[in-house]
Amino acid sequence: VPPPTGRHLELISSHACRLDLMLTGLLEYSRIGRMQPIAPLKPAEVLDSVLDDLGLPEDVTLAVDLDRGSVQMGDADLARVFSILLTNAVRFHPDNAPRIEVVGGPVSDRTWQIDVTDDGPGISEDRREFILRPMTKLVSRDVDPGAGMGLAILKKIAETYGGDGTVDAGKNGKGTRVRVTLVVNCPAPRRSRAPFADRGRRFLQGLADDVDQRRSGMRKRLFQNVFQRVGVFYTPGLEAKGAGNSGVVGPVEVDREIAF
């Protein structure tokens with residue numbers, strides 16, 4: 001493949017991956033509080049399970065002080081809270097080797113509080129509300145390809161169960177502390193009845209229903225457009241024909257792996 005065409009292929013592949021991450025994030029955002037049992041959970045046990053699944057690097061220092069009490073919520077949602085916080089602490093640390101502290105327990109008869117603190121670069125005060133919105137990032141997507149949905153998902157999980165999520169500075173003004181407040185005995189996910197929220201929820205529900213079909217169609221169109229740009233018509237499962245040539249030229253071969 002000529003160098004200019006190779007660059008086009010890499011750019012299209014990069015944009016396709018970003019779109020895939022965005023759709024996956026929106027799908028997850030729409031499913032918060034749904035498709036899982038709501039039951040009493042011990043955050044300490046959920047954290048242990050998340051740590052087993054994540055397999056954090058050996059250079060990460062982790063200090064945990066979680067009360068053995070329970071909160072009532074979806075198991076997938078609570079696991080996602082811990083996964084987001086631990087993953088972010090490692091991803092955005094300059095050396096990928098942060099010191100992370102996880103502290104939590106009841107602060108009243110009806111409220112639980114979980115603090116996750118790291119010693120990373122921190123987030124400036126004027127950006128702490130911004131970073132809790134969907135599809136927002138503090139670094140370029142060329143530096144970190146994520147969809148910018150992690151903390152927005154975390155905040156929505158907390159609000160769904162009657163709590164909140166906030167971002168502050170860590171100890172002595174260094175690093176980042178994310179505080180998640182949860183209601184101990186939330187009977188059912190709390191949902192806003194604001195018209196805008198209802199419209200947004202209907203949109204996300206529709207997206208959740210057909211996201212797989214949309215994703216498949218977009219990959220196919222991208223793939224076809226790429227080969228048309230280089231003068232080749234391609235249909236998956238068939239041989240390719242050169243542009244302007246009625247003869248079969250054989251399967252298309254490229255010198256790099258392309259992941260759509």
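Just the heavy atoms: all of them, side chains too, but no hydrogens, waters or symmetry mates, feed the values below.
- Formation of a donor-acceptor pair under 3.5 Å by the Asp95 side chain with backbone atoms of Ala97 is not found in this model.
- With rounding to the nearest 0.5 Å, the separation of CZ in Phe92 from OG1 in Thr176 is 10.5 Å.
- Using modelled atom types, one side-chain atom of Thr24 and one backbone atom of Asp20 make a donor-acceptor pair closer than 3.5 Å.
- Of all heavy-atom pairs between Pro98 and Ala89, the closest is CG-O, 3.4 Å.
- A donor-acceptor contact shorter than 3.5 Å is absent between the side chain of Tyr161 and the backbone of Lys156.
- With a 4.5 Å cut-off on side-chain heavy atoms, Val102 and Phe82 count as touching.
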Go through Ile100 and Thr117 one step at a time and tell me if the side-chain contact (heavy atoms from CB on, under 4.5 Å) criterion holds. CA-CA 6 Å; Ile100 306 171; Thr117 307; over 6 Å; no

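- Separating the CD atom in Glu129 from the OG1 atom in Thr166 is a distance of 8.5 Å, to the nearest 0.5 Å.
- Side chain of Lys42 to backbone of Arg68: a donor-acceptor contact under 3.5 angstrom is found.
- Side-chain contact between Pro37 and Asp75 is present, with at least one heavy-atom pair separated by less than 4.5 Å.
- Cluster annotation: Leu56 is not connected to Val103 through the hydrophobic network of ILVMFWY side chains, with a link wherever side-chain heavy atoms come within less than 4.5 Å.
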Step by step, would you call Val184 with Gln72 a side-chain contact (heavy atoms from CB on, under 4.5 Å)? CA-CA 6 Å; Val184 175; Gln72 183 157 303; over 6 Å; no

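- Two different hydrophobic clusters hold Leu21 and Leu26 under the rule that ILVMFWY side chains link at heavy-atom gaps under 4.5 Å.
- Counting non-hydrogen atoms of other residues, nucleotides and ligands closer than 6.0 Å to CZ of Arg91 gives a total above 12.
- Side-chain atoms of Arg177 never come within 3.5 Å of backbone atoms of Asp118 as a donor-acceptor pair (strictly under, hydrogens ignored).
- Taking a 6.0 Å sphere around CG of Asp53, one finds it holds more than 12 heavy atoms contributed by other residues, nucleotides or ligands.
- For the pair Pro43/Val71, a side-chain contact is recorded, criterion being any heavy-atom separation below 4.5 Å from C-beta on.
- Ala158 and Val180 make their closest contact through CB-CG1, 4.0 Å (heavy atoms, listed as atom of the first residue, atom of the second, distance).
- Separation of atoms CE (Met22) and SG (Cys17) is listed at 13.0 Å; rounding is to 0.5 Å.
- One distance of note links CG of Leu51 with OG of Ser83; it measures 10.0 Å at 0.5 Å rounding.
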If you apply the rule side-chain contact (heavy atoms from CB on, under 4.5 Å), what do you find for Trp112 with Val183, and how did you get there? CA-CA 6 Å; Trp112 245 75; Val183 172; over 6 Å; no

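- Going from atom CE of Met149 over to atom CG of Leu27 covers 10.0 Å, rounded to the nearest 0.5 Å.
- Considering only heavy atoms from C-beta on, Thr160 stays 4.5 Å or farther from Asp77 through its side chain.
- Within 6.0 Å of the CG atom in Asn172, the count of heavy atoms belonging to other residues, nucleotides or ligands does not exceed 12.
- The hydrophobic clustering, which links ILVMFWY residues whose side-chain heavy atoms are closer than 4.5 Å, places Val50 and Val60 together.
- For the pair Lys155 and Asp164, the salt-bridge criterion is met [side-chain N within less than 4.0 Å of a carboxylate O].
- Side-chain contact between Phe130 and Leu138 is present, with at least one heavy-atom pair separated by less than 4.5 Å.
- Residues Arg99 and Asp119 are not paired through a salt bridge, judged by the lack of any N-O separation under 4.0 Å between the basic side chain and the carboxylate.
- The shortest non-hydrogen separation linking Val81 to Ile157 is CG2-CG2, 3.8 Å.
- A donor-acceptor pair is defined here as one N or O able to donate and one able to accept, closer than 3.5 Å; no such pair exists between the side chain of Thr111 and the backbone of Val107.
- For the pair Lys171 and Glu101, the salt-bridge criterion is met [side-chain N within less than 4.0 Å of a carboxylate O].
- When side chains are defined from C-beta on, Ser70 does not count as touching Leu41, because their heavy atoms never get closer than 4.5 Å.
- Thr136 places a side-chain N or O within donor-acceptor distance of the main-chain N or O of Arg133, the cut-off being under 3.5 Å.
- In terms of heavy-atom proximity, Leu85 sits nearest to Leu151 at CD2-CD2, 4.5 Å.
- With Ser49 contributing its side chain and Val46 its backbone, the two residues share no donor-acceptor pair below 3.5 Å.
- For the atom pair CD (Glu10) and OG1 (Thr5), the distance works out to 11.0 Å, reported to the nearest 0.5 Å.
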